[in-house]
Q: 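Dropping a structure here in structure tokens format, bear with me for questions.
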Amino acid sequence: GIQVEQSPPDLILQEGANSTLRCNFSDSVNNLQWFHQNPWGQLINLFYIPSGTKQNGRLSATTVATERYSLLYISSSQTTDSGVYFCAACNFGNEKLTFGTGTRLTIIP
Amino acid sequence: DTEVTQTPKHLVMGMTNKKSLKCEQHMGHRAMYWYKQKAKKPPELMFVYSYEKLSINESVPSRFSPECPNSSLLNLHLHALQPEDSALYLCASSQLSGGYTGELFFGEGSRLTVL
């Protein structure tokens, strides 16, 4: 099956800083999603982005499908951005969405 | 309405109990999923139902028994669980179209503790 790797595993930043989270995947994808898991465990959808670039407020994401990676950008970080960010992917004809190991982001006031 | 609802939110059960987790979606999605998540780990797929038929079973022990009564409902029946089965159980749904898996939407999860 598809392999999904995320980096860095942990990131500690001051409030107001910008950050870039990376997701590498081992095969062509028809689904790539970014999630933020809140402290209560809920997975919040950030982006559905198998290719191209999307923006939503302070967050944006880019997937370069031909080079098998995706980036999540967080600008002007706030303490509420803290938590674990997961990238997940699956390839064509496969219903199994495989998660990366996540990036734990801590924003310090 | 992009909501997947799971009940109960918390469940404590003994190793001899029988209980069920329930999941419901009203987005017209034709695929539904159960994932299991242990602390500080990513979610791991357990089962997938496509068009109400079990399409993926990730070698899950038989003490976990999924059921899809209709396209909106997904159950996970639990029997004779072990303490190591304690985890967050996440339900999700997505659209399917011509081999493409659409965006998955997750419920809030059911946190299970087995004593």
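All values below were derived from every heavy atom in this structure, side-chain atoms included, with hydrogens, water molecules and symmetry-related copies excluded. Per chain, numbering begins at 1; letters A, B, ... match sequence-line order.
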Q: Counting only heavy atoms not in Lys38(B) (residues, nucleotides, ligands), do more than 12 fall under 6.0 Å from its NZ?
A: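 Buried by this count: over 12 neighbours within 6.0 Å.
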Q: Just wondering, are more than 12 heavy atoms of other shown residues or ligands nearer than 6.0 Å to CD in Glu103(B)?
A: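 Counting other residues, nucleotides and ligands, CD of Glu103(B) exceeds 12 neighbours.
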Q: Mind ranking Val48(B), Leu45(B), Thr101(B) by heavy-atom pairs under 4.5 Å with chain A and telling me who comes out on top?
A: Thr101(B)
Q: Pick one of side chain, backbone, both or neither for Glu58(B), based on which atoms fall under 4.5 Å of a heavy atom in chain A.
A: side chain
Q: Looking at the rings of Phe99(A) and Phe35(A), which for Trp means the six-membered one, are their centres under 6.0 Å apart?
A: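 Centroid separation for Phe99(A) and Phe35(A): below 6.0 Å.
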Q: Return the minimal non-hydrogen interatomic distance between Gln6(A) and Gly102(A), and the atom names on each side.
A: OE1-N, 3.0 Å
Q: Report the option among Gly107(B), Ala31(B), Ser50(B), Gly109(B) that has the most heavy-atom pairs separated by less than 4.5 Å from atoms of chain A.
A: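 Most heavy-atom pairs under 4.5 Å with chain A: Ser50(B).
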Q: Counting heavy-atom pairs under 4.5 Å with chain B, which one of Arg104(A), Gln37(A), Gln33(A), Lys96(A) comes out on top?
A: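 Of Arg104(A), Gln37(A), Gln33(A), Lys96(A), Gln33(A) has the most heavy-atom pairs under 4.5 Å with chain B.
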Q: Can you say whether Phe86(A) sits under 4.5 Å from chain B via the side chain, the backbone, both, or neither, judging by heavy atoms?
A: side chain
Q: Which atoms of Lys9(B) are under 4.5 Å from chain A, going by heavy atoms: the side chain, the backbone, both sets, or neither?
A: neither
Q: Does any donor atom in the side chain of Thr63(A) or Ser51(A) lie under 3.5 Å from an acceptor atom in the other side chain?
A: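 No, because no side-chain N or O of Thr63(A) sits under 3.5 Å from a partner of the opposite role on Ser51(A).
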